Amino acid sequence: MANPILRRALPVFLCGLLLPLVAIAAPKAGDTYEITQKTSSSYKSDGSSGSSGGGGMIVEKVIALRDGGVELEYDLPKDTPAKARERQWQFPARVFKPSEGALQLLNAPELEARVDIWLKAAKLERAACGRMIFTWNAFRIECDPQSVLKKIDMFDLGPDRLDEGAPYSDPDALEPAKLAKKINGLDDIVFSAEMPVNPAAVRRARAEADVATGELMRKPVSLEDALEAREKEAVSGTVSVEFATDSDGIVNRRTKVTKIEIKEDDGKTEARTSKETLERRFISAP
């Protein structure tokens with residue numbers, strides 16, 4: 001997620017003049033941001049096709065600036081219905097984001113208490129934790145407070161600072177690529193990179209989906225067996241990422257497009273395209 005502590009000043013071209021570099025103030029406790037996620041995907045296989053879309057929103061609030069990082073709170077939007085908030089017991093979550101390293105959950109005991117309340121309201125026992133169920137969609141019953149860190153990570157726009165020519169890596173890509181920079185209008189600067197997709201990551205994601213489907217259909221399959229079956233697939237494709245920054249170098253939008261072609265052992269082919277856009281917007285100050 002874009003950490004506004006280290007804000008890189010960039011030259012701004014206006015009316016043909018190069019303005020001097022201007023440092024921008026560090027964030028203050030109480031600064032609040034809205035991060036919106038939009039997703040879409042499509043596929044084409046032999047004789048069939050389909051598409052889907054979705055999205056979500058999370059609110060990020062600066063709690064305190066600390067040595068080596070920043071303390072943040074993540075919560076659902078204020079207009080989230082009570083029932084939906086009850087189901088998403090992981091929020092609000094308070095974390096420490098170090099300048100380097102992984103997020104650290106700070107209010108785990110609060111989340112533990114909330115999951116107990118949710119399980120009771122849903123008439124579920126602790127033994128149900130970790131199981132796949134199907135209601136209006138398929139999902140796994142999650143009871144671990146640390147799981148909120150994965151949810152927060154889904155709204156992570158990426159590096160705090162970007163430089164032309166710097167290597168950028170993506171978890172779905174086989175290898176890093178160098179960032180290219182271009183000026184978009186008078187103020188915005190865009191960085192982009194394109195990388196080959198990581199076939200092993202694609203096969204593992206498909207194998208994990210096979211395991212979940214087997215659990216729902218009560219035809220269990222082990223991850224090892226699913227991986228072995230998926231190893232026969234030939235996977236190719238690209239991961240393209242574009243970061244839009246403002247004139248102060250702050251990343252405010254990330255767009256990621258993944259294109260995959262899969263050739264199965266029997267000759268069948270499948271093409272998949274997915275797009276994810278994350279946009280971060282300042283909404284209030286203390």
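All values reported here derive from a predicted model rather than from experimental measurement.
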>> If hydrophobic clusters are built from ILVMFWY residues whose side chains come within less than 4.5 Å, do Ile133 and Val221 share one?
In response: no
> What closest approach, in Å, do Cys143 and Val115 show between heavy atoms, and which atom pair accounts for it?
Replying inline: CA-CG2, 3.8 Å
> Measuring from Glu231:CD to Glu228:CD, what's the distance to the nearest 0.5 Å?
Replying inline: 8.5 Å
>> When you measure from the side chain of Arg94 to the backbone of Glu73, do you find a donor-acceptor pair of N or O atoms at a distance under 3.5 Å?
In response: no
>> Please determine whether residues Leu103 and Leu105 belong to a single hydrophobic cluster, defined as Ile, Leu, Val, Met, Phe, Trp and Tyr linked transitively by side-chain heavy-atom distances below 4.5 Å.
In response: yes
> Do Val241 and Arg254 touch side chain to side chain, with heavy atoms closer than 4.5 Å?
Replying inline: yes
> Without hydrogens or angle criteria, can the side chains of Glu194 and Ser240 be said to hold a donor-acceptor pair below 3.5 Å?
Replying inline: yes
> Would Asp172 and Lys256 count as a salt bridge (Lys or Arg N to Asp or Glu O under 4.0 Å) if you check the C-alpha gap in whole Å, the side-chain angles of each, and the deciding distance to 0.1 Å?
Replying inline: CA-CA 11 Å; Asp172 297 325; Lys256 176 179 174 179; 2.7 Å; yes
> Yes or no on side chain to side chain contact (heavy atoms under 4.5 Å, CB included) for Ser284 and Asp31, after CA distance, side-chain angles and deciding distance?
Replying inline: CA-CA 6 Å; Ser284 67; Asp31 282 357; over 6 Å; no
> What's the shortest heavy-atom distance between Pro98 and Gln104, and which atoms?
Replying inline: CG-NE2, 4.2 Å
>> Are Phe191 and Tyr168 an aromatic pair, judged by ring center distance below 6.0 Å?
In response: no
> Under 4.5 Å between side-chain heavy atoms, hopping through other hydrophobics if needed: is there a path connecting Ile283 to Ile152?
Replying inline: no
>> When you group the ILVMFWY residues by side-chain heavy-atom contacts below 4.5 Å and let the links chain together, are Leu278 and Met57 in the same group?
In response: no
> Taking it one step at a time, do Arg272 and Glu270 satisfy salt bridge (Lys or Arg N to Asp or Glu O under 4.0 Å)?
Replying inline: CA-CA 7 Å; Arg272 288 186 173 270; Glu270 181 179 340; 2.3 Å; yes
> Which value, rounded to the nearest 0.5 Å, describes the distance between Ile35 atom CD1 and Arg280 atom CZ?
Replying inline: 5.5 Å
> Would you say Ser45's side chain and Ser48's backbone share a donor-acceptor pair under 3.5 angstrom?
Replying inline: no
>> One pair to check against salt bridge (Lys or Arg N to Asp or Glu O under 4.0 Å): Glu164 and Lys178. What are the steps and the verdict?
In response: CA-CA 8 Å; Glu164 185 175 22; Lys178 292 184 178 180; over 6 Å; no
>> Could you measure the distance from the OG1 atom of Thr80 to the CZ atom of Arg87? Nearest 0.5 Å is fine.
In response: 10.5 Å
>> Are the side chains of Asp46 and Thr269 in contact, using a 4.5 Å heavy-atom criterion?
In response: yes
> Going through the distances and angles, do Tyr74 and Phe155 end up as a ring-ring contact (aromatic ring centres under 6.0 Å, His included)?
Replying inline: CA-CA 10 Å; Tyr74 291 92; Phe155 291 85; 8.5 Å; no
>> When you compare the side chains of Asp210 and Thr213, does any donor N or O come within less than 3.5 Å of an acceptor on the partner?
In response: no
>> Does Arg281 form a side chain to side chain contact (heavy atoms under 4.5 Å, CB included) with Thr36? I'd like the steps, not just the answer.
In response: CA-CA 8 Å; Arg281 184 175 68 90; Thr36 304; over 6 Å; no
>> Checking Tyr33 against Glu60: is there a side-chain donor and acceptor pair closer than 3.5 Å?
In response: no
> Under a 4.5 Å side-chain heavy-atom rule over Ile, Leu, Val, Met, Phe, Trp and Tyr, are Leu72 and Leu149 clustered together?
Replying inline: yes
> If we only count heavy atoms from C-beta on, is the Lys38 to Lys275 side-chain gap below 4.5 Å?
Replying inline: no
>> Any heavy-atom pair between the side chains of Val197 and Thr238 that's under 4.5 Å?
In response: no
> Side chain of Ser99, backbone of Gly68: donor and acceptor closer than 3.5 Å?
Replying inline: yes
> Backbone N or O of Ile189 within a donor-acceptor pair of the Thr245 side chain at under 3.5 Å?
Replying inline: yes
>> Under the criterion side-chain hydrogen bond (donor to acceptor under 3.5 Å, both in side chains), I'd like the reasoning laid out for Asp225 against Ser222: C-alpha separation, chi angles, the key distance, then a yes or no.
In response: CA-CA 5 Å; Asp225 289 343; Ser222 69; 3.2 Å; yes
> Has Arg85 got its NZ or CZ under 6.0 Å from the middle of the six-membered ring of Phe91, at an angle within 45 degrees of the ring axis?
Replying inline: no
>> If you define the side chain from C-beta out and look only at heavy atoms, does anything of Gln88 sit under 4.5 Å from Leu76?
In response: yes
> Which distance, rounded to the nearest 0.5 Å, do you find between the CD of Glu242 and the CG of Leu179?
Replying inline: 11.5 Å
>> For a side chain to side chain contact (heavy atoms under 4.5 Å, CB included) check, start with the C-alpha distance between Gln37 and Glu279, then their side-chain angles and the critical distance, and finish with the verdict.
In response: CA-CA 7 Å; Gln37 178 197 56; Glu279 191 158 3; over 6 Å; no
>> One pair to check against salt bridge (Lys or Arg N to Asp or Glu O under 4.0 Å): Lys268 and Glu233. What are the steps and the verdict?
In response: CA-CA 10 Å; Lys268 292 182 180 179; Glu233 298 175 336; over 6 Å; no
>> With side chain to side chain contact (heavy atoms under 4.5 Å, CB included) as the criterion, how do Leu227 and Arg204 come out once you've worked through the C-alpha distance, each side chain's angles and the decisive distance to 0.1 Å?
In response: CA-CA 6 Å; Leu227 282 170; Arg204 185 172 187 87; 3.7 Å; yes
>> Are the side chains of Asp116 and Arg126 in contact, using a 4.5 Å heavy-atom criterion?
In response: yes
>> For a quick test of reading the model, state the closest non-hydrogen atom pair linking Pro199 to Leu174 and the distance between them.
In response: CD-CD1, 4.3 Å
> Hey, what do you get for CD (Glu34) to CD1 (Ile58), rounding to the nearest 0.5 Å?
Replying inline: 11.0 Å
> Does CD in Glu264 sit with more than 12 non-hydrogen atoms of other residues, nucleotides or ligands closer than 6.0 Å?
Replying inline: yes
>> Could you check whether any side-chain heavy atom of Ser41 comes within less than 4.5 Å of a side-chain heavy atom of Tyr43, counting everything from C-beta outward?
In response: no
> If we only count heavy atoms from C-beta on, is the Leu111 to Gln146 side-chain gap below 4.5 Å?
Replying inline: no
> Which atom pair, heavy atoms only, marks the closest approach of Trp89 to Ser147?
Replying inline: CH2-OG, 4.4 Å
> How long is the gap from CG on Leu124 to CH2 on Trp118, to the nearest 0.5 Å?
Replying inline: 5.5 Å
> Cut-off 3.5 Å, side chains only: do Thr273 and Ser42 have a donor facing an acceptor?
Replying inline: no
> With no hydrogens and no angle check, is any side-chain donor or acceptor of Arg114 less than 3.5 Å from a backbone partner on Pro92?
Replying inline: yes
>> Using the rule salt bridge (charged side-chain N to carboxylate O under 4.0 Å, His left out), only one of Lys61, Arg66, Lys97 pairs with Glu71; which is it?
In response: Arg66
>> Using every non-hydrogen atom in the two residues, find where Ala177 and Met195 come nearest and quote the distance to one decimal.
In response: CB-CG, 3.5 Å
> Can you name the nearest heavy-atom pair linking Val59 to Pro77, along with the distance?
Replying inline: CG2-CA, 4.1 Å
>> Can you confirm whether Asp67 is buried at CG, in the sense that more than 12 heavy atoms of other residues, nucleotides or ligands lie under 6.0 Å from that atom?
In response: no
> Just by distance, do the side chain of Glu261 and the backbone of Lys263 share a donor-acceptor pair under 3.5 Å?
Replying inline: no
